[in-house]
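Chain letters run A, B, ... following the sequence lines, proteins first and then strands; every chain starts at 1.
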Protein chains: 2
Amino acid sequence: MKKVLNSTDQVVEEMLDGFVTAHADSVKRIPDTTVIARKDAPVSGKVGLVSGGGSGHEPAHGGYVGKGMLDAAVVGEVFTSPTPDQVLEGIKATDSGSGVLLIIKNYTGDVMNFDMAAELAEAEGITVEKVIVNDDVAVEDSTFTTGRRGIAGTVFVHKIAGAIAESGASLAEVKAAAEKVIKNVRSMGVALESCTVPAAGKPSFTLKEDEVEIGIGIHGEPGIERVPLQSANEITSTLVAKILADIDYTNSEVAVLVNGMGATPEMELFIVHRQVAKMLGEKGINIYKTWVGEYMTSLEMTGFSISLLKLDDQLKEALDGQSDAIAFRL
Amino acid sequence: MKKVLNSTDQVVEEMLDGFVTAHADSVKRIPDTTVIARKDAPVSGKVGLVSGGGSGHEPAHGGYVGKGMLDAAVVGEVFTSPTPDQVLEGIKATDSGSGVLLIIKNYTGDVMNFDMAAELAEAEGITVEKVIVNDDVAVEDSTFTTGRRGIAGTVFVHKIAGAIAESGASLAEVKAAAEKVIKNVRSMGVALESCTVPAAGKPSFTLKEDEVEIGIGIHGEPGIERVPLQSANEITSTLVAKILADIDYTNSEVAVLVNGMGATPEMELFIVHRQVAKMLGEKGINIYKTWVGEYMTSLEMTGFSISLLKLDDQLKEALDGQSDAIAFRL
């Protein structure tokens, strides 16, 4: 394993330290926790937004903490859910009396631990609601997941719920907006090469030299099939077709996210986007806004995912709202 | 070679197409050229700022085109300087009568071709000035370079010259600000694994399984030495010590850029930043602002570079100025 580390069991601790040191003007770490919060949290009169999950997906989720997005990100060990007590700390750090919405990616560990934290918080008198993101159309049920997995489309949930919360909406309204995004966002990914979890010291899976895995999860969970390496246009077409088959995008406007998994050059992501745009154009689907880059990674996995969010006027306005988050500045 | 491509000889063309499609609200491609320009270029009454170089360093340089940074980026083939006629197109697309400043990274090909373009532009009556960035303290003279190489510190030149140009400064004033940045910025990098240039089809260089190269260039040019893999703190200390030995940073304020070379997880970059901050703190050097992420890559090379810019009040104000560039939004 060839990585820039000091100690495999200190990676998360040292990353958090480096992160808050780098961005101390906008975020803070809640002492003795793995919670990254807005510097001004809790924000008076505003619904608190808390997300998080295992680390290794940077810039998710700490990079999405900031005015107009998340109030806190709770960080677990690499590819491991944060514990309920840490999530509880995130809730407590962000509740200003207006309640807290938990944005959870659909993995069994996350769902269980965030649920338990919600119960603990309710017992302390904090109103907590939650939404579960399951945008990955690749497979039903998977390693670590019952139902569909939550992947890069989660970033749109953070952004839009964040804007709605910032506008002073109630907890019920913020939750409804988040659920609307979840209902309208679909994603799918592909991997060319595995990543290596530091504590494991060896690649999470192995692909042959000319093989890619269509529908991979962000922890290397199995996808739909392993096929010989195809052209960028062919792979992209497979992913986009599967997404478009899932809900009706006819005559709609969409936001597009072409997300690098960690080690894919931006050059290749733009080549992918070119084909996404071509396919959507041919189907009469209008692109409202596009993001291309690394938003939900899997350490140094090589590959990418595509997310499409079907928009209405409310979602467009929220998507355009100001965000001060480090990794999603608008 | 396992890459997401359609054709190795179309990568730049398709990337440019994907880039302008993704960001059509803020940039445009000058027809029949490899020039990415601000959508509103040329901007009346403003000095034009043109940079560029070989592709493969994304988000450099197209990602730095936008209000408050570059007016145009001229893109060459992978790791290959753009031709003089393309640079000339970039100059012509951005000159509003106030003259154009070329920001050139110190590689023989770039210097020669941008020089030639400047002469051609002058012959057409456009006033052109240029600055050459040589921030890499690793080695004097190298493959493709006489003197020191220009690497990630170049991004600070774009940002600060961009802010000064946006303020309505004259060509001489913008050039003076860019030169002040060049005088005060130093960088150095390390590689763990090589990248593969699509047209070459094989890695640019080979390192042993436990070996890293200290002082590598962004095209894989040789560094100072190959050493066994060390801890993040040890590698970081080596790079920072060499940077600090080059100019006097005593009692100064600095901007820090920890730049991923392409395939290094953000997690590791924050672990590096942690040590950078610790070392600077011990020396009484105050960090004014920090950037951690991928700013000047080498395709999917694994490794990182550190840049330190010594600041004064003018540089701080310019660093803080608004930027609409896709990859450097402030």
Report the residue from A:Gln275, A:His273, A:Arg274, A:Lys278 that forms a side chain to side chain donor-acceptor pair (under 3.5 Å) with B:Asp17.
A:Arg274

So, for B:Ala22 and A:Val292, which heavy atoms are closest and what is the spacing to 0.1 Å?
CB-CG2, 4.1 Å

Would you say that more than 12 heavy atoms from the other residues, nucleotides or ligands in this model lie under 6.0 Å from the CD of B:Glu225, or not?
yes

I need the A:Leu330 CG to B:Asp324 CG distance, nearest 0.5 Å.
10.5 Å

Whatever's closer than 4.5 Å to a heavy atom in chain A on B:Thr297 counts as neither

Flag the pair B:Glu268 and A:Lys3 as a salt bridge only when some basic side-chain nitrogen lies within less than 4.0 angstrom of an acidic carboxylate oxygen.
yes

Side chain, backbone, both or neither: which part of B:Val272 has a non-hydrogen atom closer than 4.5 Å to chain A?
side chain

Should the heavy atoms of other residues, nucleotides or ligands under 6.0 Å from NZ of A:Lys316 be counted, would the total exceed 12?
yes

Can you check whether A:Pro59 reaches B:Glu266 side chain to side chain, under 4.5 Å on heavy atoms?
yes

Check step by step if side-chain contact (heavy atoms from CB on, under 4.5 Å) holds for B:Ile271 and A:Asn6.
CA-CA 8 Å; B:Ile271 292 172; A:Asn6 293 306; 3.7 Å; yes

Bottom line for A:Glu294: the part with an atom under 4.5 Å from chain B's heavy atoms is side chain

Check whether any side-chain heavy atom of A:Phe270 sits under 4.5 Å from a side-chain heavy atom of B:His23, and report yes or no.
yes

Measure distances from A:Val256 to the heavy atoms of chain B and classify the residue's part below 4.5 Å as side chain, backbone, both or neither.
neither

So does A:Glu211 get a backbone contact from the side chain of B:Lys2, meaning a donor-acceptor N/O pair under 3.5 Å?
yes

Greatest number of heavy atom pairs closer than 4.5 Å to chain A - which of B:Gly18, B:Gly62, B:Ala263
B:Gly18

Report yes if some heavy atom in the side chain of B:Thr264 is under 4.5 Å from a heavy atom in the side chain of A:Glu300; otherwise report no.
no

Who wins among A:Gly262, A:Ala277, A:Gly303 for the most heavy-atom pairs under 4.5 Å with chain B?
A:Gly262

Please name the residue in the list A:Leu269, A:Leu192, A:Asn233 that meets the side-chain contact (heavy atoms from CB on, under 4.5 Å) test with B:Val4.
A:Leu192

Within a 6.0 Å radius of atom CD on A:Glu209, are there more than 12 heavy atoms belonging to other residues, nucleotides or ligands?
no

Euclidean distance, B:Leu280 CG relative to A:Thr21 OG1, rounded to 0.5 Å
11.5 Å

Nearest 0.5 Å please: distance from the CD1 atom of B:Ile326 over to the OG1 atom of A:Thr290.
10.0 Å

If one checks every heavy atom of A:Met1 against chain B at 4.5 Å, the contacting part turns out to be backbone

Is there a side-chain contact between B:Met267 and A:Leu299 in this structure, where contact means two heavy atoms from C-beta onward sitting under 4.5 Å apart?
yes

Structural part of A:Leu229 lying under 4.5 Å from a heavy atom of chain B:
side chain

